[in-house]
Structures are given as C-alpha cells and as structure tokens.
Asker: 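A single structure is presented below for examination.
Residue numbers begin at 1 in each chain, while the letters A, B, ... track the order of the sequences.
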There are 2 protein chains.
Amino acid sequence: MPTVSSEELAAAAGVNSAKLRKDFSYLGSYGTRGVGYDVEYLVYQISRELGLTQDWPVVIVGIGNLGAALANYGGFASRGFRVAALIDADPAMAGKPVAGIPVQHADELERIIQDNGVSIGVIATPAGAAQAVCDRLVGAGVTSILNFAPTVLTVPDGVDVRKVDLSIELQILAFHEQRKAGEEAHADGAGPAAARRTGTGSDASADQGPDGDVPAVMPA
Amino acid sequence: MPTVSSEELAAAAGVNSAKLRKDFSYLGSYGTRGVGYDVEYLVYQISRELGLTQDWPVVIVGIGNLGAALANYGGFASRGFRVAALIDADPAMAGKPVAGIPVQHADELERIIQDNGVSIGVIATPAGAAQAVCDRLVGAGVTSILNFAPTVLTVPDGVDVRKVDLSIELQILAFHEQRKAGEEAHADGAGPAAARRTGTGSDASADQGPDGDVPAVMPA
DNA sequence: ACGTGTGAACTCGTTCACAGCC
DNA sequence: GGCTGTGAACGAGTTCACACGT
C-alpha cells in the first residue's frame, strides 16, 4: 500500500480523522488531495520531526537491576538512541559487561559525557544518589535527564527532567479497579478481592498508555 | 502545621488555587471556610479515594532484570501494593528468592491468582510471551494488567491494560533536545552534540512527569 | 477578616463542514 | 469523485470572582 488516507489512519489509531489531518498540517502539506498521504514520505517526515533520524548518545548511571534492564532494552536502537556508556559507582562493577557494554566507574563520568557529546542522561541509581549524579551530569553538559529514582530532582533552567515512577501506573490501575468493584456494592469494608469480574464493564477508553485517561479526581 | 489553605497547596504544586479547590470539592466539602483544610483529614480522604488505604495483591510475571527491579522497588508498599508472587517460566528460577520472595513456576499461575485474590498483574516478560501470559492472567480472574513488554495486548472488555514503554520517555526528551538545538542553527545536518547548552533556555514547564507536556505535533 | 465552594466567563483543543485541488 | 487543508462552531476544562460560612 503506497498511499493512505487520513480516514484509514484515524481508524487504526482510534482518533478523529480531522484531528489527524490538522496535526499533520502543522508539519507541512505532505498529503495529496483526492489521494491521501504517501506512506514512505510521511513516515520519513514524521521520523525527522520526532528526532528519530538523529543519533542520540545516552548514558545510563546506576547499573542495578533497573539499569541493566534499560541497557538490555531492545527498543532504543530503533528510535535513534545509542547507549554510549554505562556508569556505576561500585568499583566492583567496573569492566563487567552488561548487555555487551563494559560498565565504567563514576569517576569517568565527566570525561565520558564530553568525549561522546552526550546530552541525555538516564538516572537509575538509588534515591539517595540521584541528586548528586544529576548535578554532575548537568555540570558535564547534559541538558535532558530521565529520572527513575523516586526523588524530585532540582536542576538549573534550560535542563529538562522527566521522572518515571513505576508505581504510578499501578496506582492508576488500582484506581480503576476500585471503581469497578464499587460499582454496586458500595460497602466500604469490602476488599478489592471481593467483587472480581464485574460482568462486562465496558470501559470506553481502549487505549493502552500513559497519556489520556489519567485519574484526576472524579465526582463521587 | 495542622491546617493548610488551597493557596499554599496550589503554590507548592504549581497549579491554580481555584482548580485545586474545585478538584477537592468533587470529593466532598472537606475544608473549613476562613480556615483551610485539615491536613490529616484531607490526606486520609484523598488516600481513601485513590485506593491507598486498600491492600492490592499484585503478581509480577517474568523475573528478568526488569521483573527483579520491580520486585525490589520500594515505592509499592507505601501505596497499598503487596507483591503476592513472582512468576517465571524458567524452571531454573523456581525457588530462587528475589527481593526476599521465592520465584514460582508459571504452571502455578492460575492457582496463585485465585488463592491470593489477585486482580492486578504485571507483565515483564519478553514480547513474544506477553500475549500468552496476558490470556492466562485474564482467564484466572485478573482484570487490570500493567504491560512492560513492547507489544500491544488484546484483552476482553472489562479488562484494563496500561502499557509502559521505557523508550517513549527518552523519545520525549530527545524531541525537546532537538528543539533546543534547532533554535537558531536550523542547519539540518548539525548533530545533537553540536549546540549544547543553549544559554538559559527558559523552559516554562517545570513539572517532572509523564502527564502534560507530551509532544503532540507542534508548528514549525 | 479570611478562605472555601461554585456559578459564570473564558481559553484552548477538538470536531464539523466545506472550499480547493488532484 | 475523493481526500486534503483549514476557517468556523463547539465543548471540555480552567480560571475568575464573589457569595457564603466560620
């Protein structure tokens, strides 16, 4: 299929076709009226706009379970990310290969960042070490930080931080789960295990993902 | 400090005080006019509404690096989650303790779910195994699934799925990073390492987190 | 006097609907 | 005829502003 219409894409993505067209229009006029969008060209343009065609060297600091999991994660390469280095404070880790990349000691942090022109750092250390690591990353020139440690980081202006809290997604599921259970039996003491499988609770939103559908506070 | 005003809370959270009051009002009228909100009472009411006061037994399937990282993650207990069991398909893992909990073989999955009244399952398996695990979890009575595998899962109505893609957060950082770099030098060939530290790029949004600020497509 | 709770005004993103081009 | 691109209509969610309770 060399070409695709906004209607088809919208159906596949589960959104309105007008919204899709309007969004695409911000990138420029890449469609052809009466025909649709050229798939290859469209993919390229979106990839470019999103930064997928660039090579982003990334360092991961803190090679515990989570750091190792990230180093092994396959999805990075296809999105333009390259794990430039793994860094850990434990001297015993130094030289040990994880996911085929040798772990380097934290002393080398500044040199590694500068040698590789790294602008994105991932923090997977314990909470206590996160701010210090963050400060060193920023000092060495990193301007974007992905933080897995359960701490809010303080950074100077111009540096982006995104915090990933693995338990927040669970929280959201539990919130919905609670609503499912409390649909009829509003007895407050009933544990979540009590009323499982509440028929066909047709949950309108079928999208899987962190955006949308976040449980702000809802009417009782 | 036994009591707090919406103004103080709003300042701390970085939001508008009216929005905060309106949100709270959906839970009921827990404030006192002329005084503010009783901190302890407010915390309890919000905790209850969010499901933090309940005990949510959770199983983690797939005890690789990521599964182990999740099992070790400290933030669960304080939010009402209890890791009821760790499950892996590898017989060699069976009985091995991870984070103090012995890993059980996948054969036991249905029994474990039912014995513990588990309604939330976490999938940290390779992509290839995810759908099969998901089907078994759902068959055993699980109605909420947190999926770390890079696959979109198909589930029956009434089951919630949330997909966590660890590379998407990096993607978002890279997107912003690209905009920082391209602010003046619009030369397309210039790598991301070229123009680091673009002065004081006053990034208005200071919030760290997956909600808000997601890069939909923006005007060129 | 102070701060909540909430109708009313407003803002911004989505959806409609159609003119314009292939 | 079909489908894009986009101004105009719409609506959800946020902010304003003030009446009311303490």
Asker: Between B/Lys180 and A/Gly158, what is the shortest heavy-atom contact and its length?
Answerer: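 Heavy atoms of B/Lys180 and A/Gly158 come nearest at NZ-O, 3.2 Å.
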Asker: Between C/dC22 atom C1' and A/Arg33 atom CZ, what is the distance in whole Å?
Answerer: 9 Å
Asker: First contact, last contact: which nucleotides of DNA chain D are these for chain A, 5' to 3', heavy-atom distance under 4.0 Å?
Answerer: D/dG2 to D/dA8
Asker: Provide, to the nearest angstrom, the distance between the NZ atom belonging to A/Lys22 and the P atom belonging to C/dT14.
Answerer: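 The distance from NZ of A/Lys22 to P of C/dT14 comes to 10 Å, rounded to the nearest Å.
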Asker: If you find the nucleotide of DNA chain C closest to A/Thr32 and the one closest to B/Gly34, which residue's nucleotide is nearer the 5' end?
Answerer: B/Gly34
Asker: What distance separates B/Leu173 CG from A/Asp160 CG, expressed to the nearest 0.5 Å?
Answerer: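 Rounded to the nearest 0.5 Å, the CG-CG separation comes to 6.5 Å.
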Asker: Between A/Lys19 and C/dT15, is there a side-chain N or O to OP1/OP2 distance below 4.0 Å?
Answerer: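 False: A/Lys19 side-chain N/O out of range (4.0 Å or more) of C/dT15 OP1/OP2.
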Asker: Which ones in residues 5-18 of chain B lie close to DNA chain C, meaning a heavy atom under 4.0 Å from one of its atoms?
Answerer: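 Output list: B/Ser5, B/Ser6.
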Asker: Without decimals, in angstroms, what is the distance between B/Asp38 CG and C/dG3 P?
Answerer: 16 Å
Asker: Rounding to an integer number of Å, can you tell me how far B/Leu20 CG sits from C/dG5 C1'?
Answerer: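 Distance check: B/Leu20 CG to C/dG5 C1' gives 13 Å.
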Asker: Tell me yes or no: between the side chains of A/Tyr41 and A/Gln45, is some donor less than 3.5 Å from an acceptor?
Answerer: yes
Asker: Taking only N and O in the side chain of B/Ser29, is any of them less than 4.0 Å away from OP1 or OP2 of C/dG5?
Answerer: yes
Asker: Considering all heavy atoms of both residues, which atom of B/Gln131 and which atom of B/Val152 are nearest to each other, and what is their separation?
Answerer: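 Closest approach of B/Gln131 to B/Val152, heavy atoms only: OE1-O, 4.2 Å.
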Asker: Return the value, rounded to whole Å, for the distance between atom CZ of B/Phe24 and atom P of C/dT4.
Answerer: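 Spelled out: CZ on B/Phe24 to P on C/dT4 is 10 Å.
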Asker: Roughly, in whole Å, what's the span from CZ in B/Arg21 to P in C/dG3?
Answerer: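 So the CZ-P distance, B/Arg21 to C/dG3, works out to 10 Å.
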Asker: Name each donor-acceptor pair under 3.5 Å that joins a side chain in residues 62-78 of chain B to protein atoms two or more places apart or in another chain, with its distance.
Answerer:
residue	atom	partner	partner atom	Å
B/Asn72	ND2	B/Ala68	O	3.0
B/Tyr73	OH	A/Asp165	OD1	3.1
B/Ser78	OG	B/Gly75	O	3.2

Asker: In whole angstroms, how far is the C1' atom of C/dT4 from the CG atom of B/Leu42?
Answerer: 13 Å
